[in-house]
Every structure is written in structure tokens, then in C-alpha cells.
Amino acid sequence: MYDNDAITLGVCSIIAEVLELEAADLRPDTYVFRDLDTESIDLLEYGIGMSRMFGIRVQDSMAFLKDFRLHLAQADREHAVADGPYTTDAGETSVDASEDASVNAAAACLRTVYPHIAKARLAGMIQDIRAGGNTRPVLQVRDIAAYVRYAKGLV
Amino acid sequence: MLTYSGDQALILGGGCAIGRRLAALLLAAGKAVTVTVTTPERCQPVAAAILAERARTREPDHANGAYGLSDADAPNGSEPPDCPPMSLSAEGASALRVLPLALEDMAVHPAALENVLRCEGVFSVPHYVVDCMHPHMEGYVSAVEPEAAGAYFATAVSARHAILYSLTRHMLAARRSRSVGRGAANFSGRLLHVSSTAVIMPNAGQGFYAAAKSAAETLYRTLGIELAPRGITSAILRAGYVAAGRGQTYLAEHPEVLRSIPLGRAQTAEEVAAALLWLLSDQATGINATAITMDGGMTASKNTTCR
């Protein structure tokens, strides 16, 4: 619903300016690290650009999901201790159900750290990481735009 | 010949003899200079002292890029000498601003720096930052109450970080608005910190001062590492005994310390300011994320009574 709103377009323009790209080539689902030549110092410039364009104070660690994997590991540890193996109503152990429950539990936990990201999106990030196919960060343009909306009190 | 790509300088804690001298040199070089002092009451006398010193400063010698005093009796004390009220028509007056900003202000009001950077309603972001701020605390490590030490470090370290946080973000943003590309070859800014040999050779009672200076040095060094890819570099000048300000008072009370300096004398504020001016030059940019010691050889020698 936010794919082409002013905030998403603004975030695209900031990233494009820093990386010297065409903003039109960026989409909400563009991965900031996987698809683009983003370095850590570029995040600093993204944050500064966001502060100026949107009039917000940017907390880099939250806006760019900097410690996402650390928080996920913490959530997994807490979930494992709290719940143990998942069993169905019939008393059988279900691998799929256990995995779903684990993802949901972790997503709920991560939502307390990243309240600007929808739970479904967090669950998608968790599944992406657990699949292990790409070790680069899961951050997408739309996640940064979501932070801007949150920081501006729009959600 | 030395060149300077930037045109705006900010000297933090520039009311000291070194800061005033550097401000005069930068004005002579045609730069716009903002100087911060600890209290509003010091603004006018410091501005007058800088302009008086500027008037005594030769124009740059373009053959070698050198600047110097046209007479030998430049003011050297901790307080600005008696000067007539600043004349708006004085040479360099329009390029000089002197404003209050104490580290204590930043500890309480993180936005205090914004007032310094705002010039006639718009942000004036410096290319050159020279940090001469020296909040002082003396006391044995085993004697100073932890609460007092915590308050000191909040001012000397955390408030300094607050200034650097805000300054560097403004410098990076200004770089973007100046349409400077990603490459480090593009000059965006230079950060200098005036430190002390106390960092590596503290006297008894200097533990907190030395620790704060050490922390400040590390912040500056790290900034030079982190921001050099964006054209912002840093350097630290560790001064030994300087015959100005608190140093002059100490030297008067302890003249025997000069025997520990192979050169046989303390540095002058003029010498330190000239070294800083050189460190600000384009040609010194490669001196990045490191410290240079200017102490007449004192800390290099095991012999504490060289002379």
C-alpha cells in the first residue's frame, strides 16, 4: 500500500543520491545490501539524508536493522527456553507446526525491538535468514521507509 | 606552497592563546572563522584580541605559504590582552564570529552546537574544526569521588562526542549538498584535536585529565578512519609544555621542568598555532587518524634532566 508513496520515493532518492544511481531503478523490495553497493558508511549518509528530508531524528540501529541477527538469536534462545518442543493437540510432535510457531514467536519478540516493521514482514525476514541462502542483511528499501513513517508518527 | 581547499573554520575552545593565534592566521588566509568560548562575557574581548592579532599578522607569503607576526611581542597569556572594543571596520571583523559554547552546555543541551552553526538563519558548516577544549580536573585517582569523576567524563568525553556527532553529520550532509562524490579524494573536512603529552606521560593528579584526553584522541583517530572514505580526515597535535595559559602559570612555578626538554624551552602558542595551520593544509591531509607530538623531544627521552 505504501509502494509509491512520497516517503518510499524519498528514501529511494536518498539512496540513489548517495550511491550515484537512478532513483527510478530502486523498488520497495530492493535489498539495500544484497542488491546495492551499500557500505556501512553509506548507512550514515542515508540516516543524515533522512533526517534532513523528513525532519526526524534517525536511530541508525533501528532504522537499518543493524543488530537484527543478534536480536533474532536472543529471541530464539528465549523461545527455546520458554516453550520447548511444539506438540499438536493430539500430542504429536509436528516439525512444520513447530517451525511456524518458532517463527511467529521470534517475530513477536523482534516486533518489540523493531515496532515499525509488520509482523508478517519480520516473519519473512526470519525465514529468509533461517533458509541460509544469503548471509547479507535482509534490509529492504521498504523497511527504511517503514521506519520513517514510524518516526513521523504516521503509523 | 601550502593550499587550503576549505573556506570556513570552527575553533572550539578558541579563547586560549593558541586558539586566538590560529584564528588570526586563518583570517589572514582569507577564511571565515567561528570561535567558541566558554562564556558570553568572553566573546567581545576574545574577538577584539583576535582582530588585534590579525592586524599584526603578515599577509601570506605565497612563495612558501608561510604566515607570521609582523612584530615579536604577540600576546601569549591565558587571558586576552587589553584591547580596544572591536571595531566593525577592523580587518577580518566580518569574517569572524565569537560565540559561547561550553562542553557543559552540550552535556545539558545537545542542540547547543546548532546555535553556533546557524549564521544569519542558515547553517554554516565548517570545513575545518580545531578542538582546543580542555575541561580540567586534578586529583589523585584514589581520591576523587566516583560521582565527580563521572560528571567530569560526561563533560570531557560524552559532551565532546555529542559535538562531534552533530558536527560530522552536518559536514557529511553539507558535502552532499555541495555535490561532492563518494571518493575520498574529494576534500570535505579536516578535524584537529589539540591534545597533551599528559596522555602518555601524566603527572600525579592528572589521571582524569589524561584519561579524558586519551578518550578524545581515540574519538578523533577513529573518525579519521571512518570518514576518510568521505573526504573527512583527522589529526591530533599533542603539545608538551606551552608557555601560555595554565602552562605559563605552571612553568613559572616549576621552572625546573624545562630541564626535561631536550630543546631546553617550552613551545610558544604561536608555534603550536602555526603547526595547526600546517596540519589544516591540503598537503598535510595524509597525516590522518594519528597523533603528532610537539614537545621539544621531552617524551622521547628517558633522561628526565637532559640539560
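Below, all heavy atoms of this structure are taken into account, side chains as well, without hydrogens, waters or symmetry copies. Values in this document were obtained by computation on a predicted structure and should not be read as measured data.
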*Asks:* Less than 4.5 Å apart, any side-chain heavy atom of B:R230 and any of A:L44?
*Replies:*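 The answer is no; the side chains never approach within 4.5 Å.
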
*Asks:* How would you list, by chain and number, every residue that makes a side chain to side chain donor-acceptor pair (under 3.5 Å) with B:S124, sequence neighbours excluded?
*Replies:*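 B:S124 satisfies side chain to side chain donor-acceptor pair (under 3.5 Å) with B:Q8 once adjacent residues are dropped.
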
*Asks:* Could you look at A:S40 and say if it's the side chain, the backbone, both or neither that has a heavy atom under 4.5 Å from chain B?
*Replies:*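 Neither part, no heavy atoms under 4.5 Å.
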
*Asks:* For residues 53-73 of chain A, run the donor-acceptor check on the side chains, cut-off 3.5 Å, and write out each pair with its distance to 0.1 Å, sequence neighbours left out.
*Replies:*
| from | atom 1 | to | atom 2 | distance (Å) |
| --- | --- | --- | --- | --- |
| A:R69 | NH2 | A:T135 | O | 3.2 |
| A:R69 | NH2 | A:R136 | O | 3.4 |

*Asks:* Write down the atom of B:R169, the atom of A:G47, and the distance for their closest heavy-atom approach.
*Replies:*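 Nearest heavy atoms, B:R169 then A:G47: NH2-C, 3.9 Å.
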
*Asks:* About how many Å separate CD1 of A:I48 and OG1 of B:T168, when rounded to the nearest 0.5 Å?
*Replies:*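 Spacing of OG1 (B:T168) from CD1 (A:I48) equals 7.0 Å.
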
